[in-house]
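These numbers come from the heavy atoms of this one structure, side chains and all, not from hydrogens, waters or symmetry mates. Residues take their numbers from the sequence shown, with the count starting at 1.
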Amino acid sequence: MEKPKNHTIVHSFVMVLTIVLMGIFINNLVFATKNYYINTHANYEKVYATIVRYELTNGRYDYNKSYSTFYEYEADGMIYSGLWQRLLYDEEDAKAQVGKKVPIYVDHTLKRHTTNLNFSSGAIWFAGAIAFASFAVFVNSFVREIIFIVKWKKYKKELQMQSKN
């Protein structure tokens, strides 16, 4: 009697997949934690950036067009820029935004900026939960494979003993 190969193949596949997922989400967890820490400890100051342009960002046809506006703020020899508003469906509305002053928050020491000071730890919890779940599935599959191998070797030994008798 042969050892079933499918059992080992399935558990090996699950273990490799969960190790890859753990690696990805632990990396995300570290990045999100670092980013959250920096943002919550930064010394942001409210400044006003200028909307400098708009772009067609969605839809090439008349029925599905939308526009996005972009801001810039220059200080400390740097240009802080980013997306201000998206999904403007009227080009005239987007065009009217150009030149408008909008509030952003800049930490001149860290050279960071944001448009919102409400920092969430949701990304940390999500990455941590997926990493933990992947680890739990890995351990479960690993233990089941070890138990299966031990039982298989014991069963094989019993068969050999019976065939000798």
Side-chain angles (χ1 to χ4, degrees), residues 1-49 51 54-59 64-73 75-76 78-89 102-161:
M1 184 174 195
E2 293 271 331
K3 176 182 169 191
K5 293 179 184 175
N6 289 346
H7 187 275
T8 301
I9 290 171
V10 169
H11 281 288
S12 297
F13 176 75
V14 167
M15 287 187 284
V16 168
L17 180 65
T18 55
I19 285 173
V20 169
L21 284 174
M22 273 192 303
I24 290 169
F25 283 98
I26 287 173
N27 184 42
N28 287 347
L29 176 65
V30 170
F31 177 77
T33 303
K34 179 182 171 191
N35 205 28
Y36 181 79
Y37 180 82
I38 289 171
N39 280 329
T40 56
H41 289 83
N43 188 21
Y44 286 114
E45 156 188 338
K46 185 176 186 178
V47 297
Y48 288 90
I51 295 181
Y54 72 94
E55 292 179 4
L56 176 67
T57 53
N58 190 20
N64 193 25
K65 287 185 178 180
S66 69
Y67 300 88
S68 295
T69 56
F70 298 88
Y71 66 86
E72 283 186 3
Y73 174 75
D76 310 320
M78 288 196 56
I79 296 176
Y80 301 95
S81 62
L83 172 70
W84 178 253
Q85 193 174 8
R86 61 186 202 95
L87 296 177
L88 294 166
Y89 294 106
V102 294
I104 66 168
Y105 304 92
V106 176
D107 184 323
H108 298 282
T109 307
L110 297 175
K111 308 284 189 214
R112 291 176 68 94
H113 74 286
T114 184
T115 59
N116 187 349
L117 293 179
N118 295 329
F119 304 112
S120 170
S121 60
I124 296 169
W125 287 103
F126 179 76
I130 299 295
F132 180 76
S134 296
F135 177 72
V137 170
F138 171 81
V139 168
N140 180 7
S141 195
F142 183 75
V143 167
R144 285 176 178 259
E145 183 61 21
I146 296 299
I147 290 170
F148 178 77
I149 290 170
V150 168
K151 284 183 177 181
W152 178 254
K153 289 191 181 223
K154 184 178 175 185
Y155 175 70
K156 206 171 164 184
K157 191 184 273 186
E158 286 175 5
L159 282 178
Q160 287 174 350
M161 298 268 265

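For the pair Leu117 and Tyr44, the minimum side-chain heavy-atom distance is below 4.5 Å. A 4.5 Å side-chain heavy-atom check between Asn39 and Lys34 finds every atom pair outside the cut-off. Residues Val47 and Tyr105 form no side-chain contact, since every pair of their non-hydrogen atoms from C-beta on lies 4.5 Å or further apart. Proximity of Ile79 to Glu72: side-chain heavy atoms (C-beta onward) are separated by under 4.5 Å at one or more points. In this structure, the side chains of Ile104 and Thr114 stay at 4.5 Å or more apart for every pair of heavy atoms. Using a 4.5 Å heavy-atom threshold, the side chains of Phe119 and Tyr36 count as touching.
Ring planes of Phe142 and Phe138: parallel class, angle under 30° (limits at 30 and 60°). Using cut-offs of 30° and 60° on the angle between ring planes, the pair Tyr73 and His108 is tilted. Ring pair Trp152/Phe148 is parallel by interplanar angle, where below 30° counts as parallel and above 60° as perpendicular.
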query = Can you check side chain to side chain contact (heavy atoms under 4.5 Å, CB included) on Lys111 and Asp76, steps first, answer last?
reply = CA-CA 9 Å; Lys111 308 284 189 214; Asp76 310 320; 3.5 Å; yes
request  = Walk me through it: do Thr115 and Trp84 pass the test side chain to side chain contact (heavy atoms under 4.5 Å, CB included)?
outcome  = CA-CA 8 Å; Thr115 59; Trp84 178 253; 3.9 Å; yes
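In this model, a donor atom of one side chain and an acceptor atom of the other lie less than 3.5 Å apart for Thr8 and Glu145. For the residue pair Arg112/Asn35, the side-chain donor-acceptor check at 3.5 Å is satisfied.
Tyr37 is linked by a ring-ring contact (aromatic ring centres under 6.0 Å, His included) to His41, counting only residues two or more places apart in sequence or in another chain.
Formation of a donor-acceptor pair under 3.5 Å by the Asn28 side chain with backbone atoms of Ala127 is not found in this model. Of the possible polar contacts, one joining the Asp107 side chain to the Thr109 backbone as a donor-acceptor pair under 3.5 Å is found.
Atom OG of Ser81 and atom CD1 of Ile51 lie 13.0 Å apart (nearest 0.5 Å). In this structure, Ile19 CD1 and Ser134 OG are separated by 10.5 Å, a value rounded to the nearest 0.5 Å. Here Phe135 contributes atom CZ and Met22 contributes atom CE; the two are 6.5 Å apart, rounded to the nearest 0.5 Å. Within the model, atoms CD1 of Ile26 and CG of Leu21 stand 10.5 Å from one another, a figure rounded to the nearest 0.5 Å. Between the CG atom in Leu88 and the OH atom in Tyr67 there is a gap of 10.0 Å [rounded to 0.5 Å]. Considering CG of Leu29 and CZ of Phe132, their distance stands at 13.0 Å, rounded to 0.5 Å.
Residue Tyr80 comes nearest to Ala75 through the heavy atom pair CE1-O, 3.9 Å, listed as atom of the first residue, atom of the second, then distance. Pairing each heavy atom of Tyr71 with each of Leu83, the nearest pair is CE2-O, 3.5 Å. Nearest heavy-atom pair across Leu56 and Ser66 is CD1-O, 3.5 Å.
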